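One structure is given here, and the rest of the page talks about it.
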Protein chains: 2
Amino acid sequence: MDVVLLTLQEGQLQVLLLKREREPFAGALALPGGYVHEQEDQDCADAAQRVLRDKLGLQSPYLEQLASFSGPGRDPRGWSVSVAFFALVPALADLPPGAQWRPVNRLPTLPFDHGSIVAAALERVRSKSQYSSLPVHLCPEPFTLPQLQAVYEALLGESINAVSFRRKMDELDVIEPIPGAKSSGGAHRPAQLYRVRGEFRERLRVVGRGLKA
Amino acid sequence: MDVVLLTLQEGQLQVLLLKREREPFAGALALPGGYVHEQEDQDCADAAQRVLRDKLGLQSPYLEQLASFSGPGRDPRGWSVSVAFFALVPALADLPPGAQWRPVNRLPTLPFDHGSIVAAALERVRSKSQYSSLPVHLCPEPFTLPQLQAVYEALLGESINAVSFRRKMDELDVIEPIPGAKSSGGAHRPAQLYRVRGEFRERLRVVGRGLKA
DNA sequence: ACAATAGTGTCTGTCAGACAATATACA
DNA sequence: TGTATATTGTCTGACAGACACTATTGT
């Protein structure tokens, strides 16, 4: 079981890597992962949350199964299967020792088939960003619509029409304005602050027609 | 490892069930499945193809990983994980003894969590039918455009505008007309016969904007 | 010629994107 | 009041769906 934990920092999508303590590949940076504990875990998703909690001290409201990776070559110890998940979190304050964020477009060569797993996660996340509310899970609350739009743009790698973006967010109906709360600071009109509606903290909503074709 | 093998018969989506020979649930109808053979199988998809070949004597050009299912309750023998796949084939001539097609909307209660696995497969197939070439794998070649449209309509459960359908197939560019080949038989204009273009036998193509929103 | 289905041309409503106008903060 | 960004209003082009027309077979 492996987890691709993603966040957005400095306008860049970043993946969390952990220095491995045991062989094989001790000392190398790799995805957080572990084995299922049959006594504790109700399923593999449970195991993924447990790994995030134990190794990083965090819970991820949004966790989605990515795919399973299997074969004789992925682990030097022999034939293996791993169920991979991905999780999205807002930028974190501090990380435990041995953990670090790495921008996804400048990753070191990863052990096992973790490179392929990250690639699959990126493809899934970018694809779903086109037609779902998935990116809201990367945005620290409360957030403004322009901030959220910047998150979408970072993921999609292209600029989005602001009018279309507002219409789409309205249609998705996943975020709600916080009554009376406005951003402040700049020498300009403040923006309405929003939060994710409770029922979509752990789920997402899709629309038929996405932001881009 | 379990496989949801789907076909279209009598305008109905059907799933292949196999009478189990061993415990648990010996005698019950269940999805074809089996364990990975580490010597033979390069990965779980390989194992799925091997099961289809050994138990049903067929190869499925299109096979897609669905998801993994895990937990303590899915198998009476204890905690287990299964990587599920789904495959699409045109209607088959004959089945080995113990195997039968069952319409997906009138399934018996299935052992293990095979009911959930089938449900997940149906959701995936129906969803992808909206915006991809996936349904062509259910159509026996050669086929006419009206025949293919009927397959899409059976999957989506609603009628499709014929003009839009032609435009969409043209855009997908996954099928090609067979030069000089026309359907025959009816007392009406014959239809152009098509086949799947070689490079899309095992893959599919998606479009941004689907057939329905 | 008629019946029946295949395939095409064209119009129209809908919706994403462009552009412009308005709103509201701080300096 | 000026500047900068937020937010809204309106127009326009592209495209899915509707409809009507043409094409081609067997009877």
Side-chain angles (χ1 to χ4, degrees), chain A residues 11 129-133 135 139 141-153 155-173 175-195 205-213, chain B residues 11 129-133 135 139 141-153 155-173 175-195 205-213:
Chain A
S129 298
Q130 290 176 359
Y131 58 88
S132 83
S133 60
C139 224
E141 296 190 351
F143 52 84
T144 68
L145 271 183
Q147 282 168 357
L148 182 58
Q149 180 173 347
V151 171
Y152 270 84
E153 288 174 337
L155 288 176
L156 297 175
E158 56 187 348
S159 57
I160 302 171
N161 180 287
V163 179
S164 300
F165 183 74
R166 280 163 189 279
R167 273 195 295 241
K168 192 58 62 179
M169 285 303 123
D170 196 49
E171 182 190 345
L172 278 171
D173 200 27
I175 63 176
E176 60 188 0
I178 304 172
K182 306 270 173 164
S183 69
S184 64
H188 54 277
R189 176 174 176 176
Q192 174 65 50
L193 289 171
Y194 288 82
R195 62 178 163 231
R205 180 171 273 183
V206 299
V207 282
R209 202 167 172 176
L211 283 159
K212 300 271 177 173
Chain B
S129 298
Q130 290 175 0
Y131 58 89
S132 82
S133 61
C139 224
E141 296 190 349
F143 51 83
T144 68
L145 270 183
Q147 282 169 357
L148 182 58
Q149 179 174 347
V151 171
Y152 270 84
E153 288 173 339
L155 288 176
L156 297 176
E158 56 188 349
S159 59
I160 302 171
N161 181 286
V163 180
S164 300
F165 183 73
R166 280 164 189 278
R167 274 196 293 241
K168 193 58 64 180
M169 284 303 123
D170 197 48
E171 182 190 345
L172 279 170
D173 200 28
I175 63 176
E176 61 187 1
I178 304 173
K182 305 271 174 165
S183 69
S184 64
H188 54 275
R189 176 173 175 176
Q192 175 65 51
L193 289 171
Y194 289 81
R195 61 178 164 230
R205 180 170 274 181
V206 300
V207 281
R209 203 168 172 176
L211 283 159
K212 300 270 178 175

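Since this is a predicted model, take the numbers as computed values, not measurements. Side chains included, hydrogens not; waters and symmetry mates left out as well; all remaining heavy atoms used. So that the names make sense, note that chain A is the first sequence line, chain B the second, and so on, each numbered from 1.
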Practice task
Spell out, as yes or no, whether a donor-acceptor pair under 3.5 Å connects the side chain of B:Q149 to the backbone of B:I160.
Solution key: yes
Fill in the blank from the handout: The single option from B:L148, B:V207, B:L172 that satisfies side-chain contact (heavy atoms from CB on, under 4.5 Å) with B:S133 is B:L172
Exercise for the section: Would you check if the side chain of A:Q130 reaches a backbone N or O of A:L156 as a donor-acceptor pair within less than 3.5 Å? Expected result: no
Handout entry: Sub-4.5 Å side-chain heavy-atom contact between B:Q192 and B:K182
Key = yes
Practice task
Heavy atoms under 4.0 Å is the rule here; annotate nucleotides 1-11 of chain D 5' to 3' with B where the base is hit, S where only the sugar-phosphate is, and - elsewhere.
Solution key: --BBBBSBB--
Problem - Student check: side-chain heavy atoms of A:S159 and A:E153 closer than 4.5 Å - result: yes
Exercise for the section: Find the distance B:D170:CG to D:dA16:P and express it as a whole number of Å. Expected result: 12 Å
Practice task
Could you tell me the separation between the CD1 atom of B:I160 and the P atom of D:dG17, rounded to a whole number of Å?
Solution key: 9 Å
Practice task
Measure from CD on A:Q130 to C1' on C:dA16 and round the result to the nearest Å.
Solution key: 15 Å
Practice task
Classify the angle between the aromatic ring planes of A:F165 and A:Y152 as parallel (below 30°), tilted (30 to 60°) or perpendicular (above 60°).
Solution key: perpendicular
Practice task
Give a yes/no on whether any side-chain N or O of A:N161 is located under 4.0 angstrom from OP1 or OP2 of C:dA16.
Solution key: no
Handout entry: Distance, rounded to the nearest Å, where A:L172 contributes CG and C:dA16 contributes P
Key = 11 Å
Exercise for the section: Grab the CZ-P distance between A:F165 and C:dG17 for me, whole Å please. Expected result: 12 Å
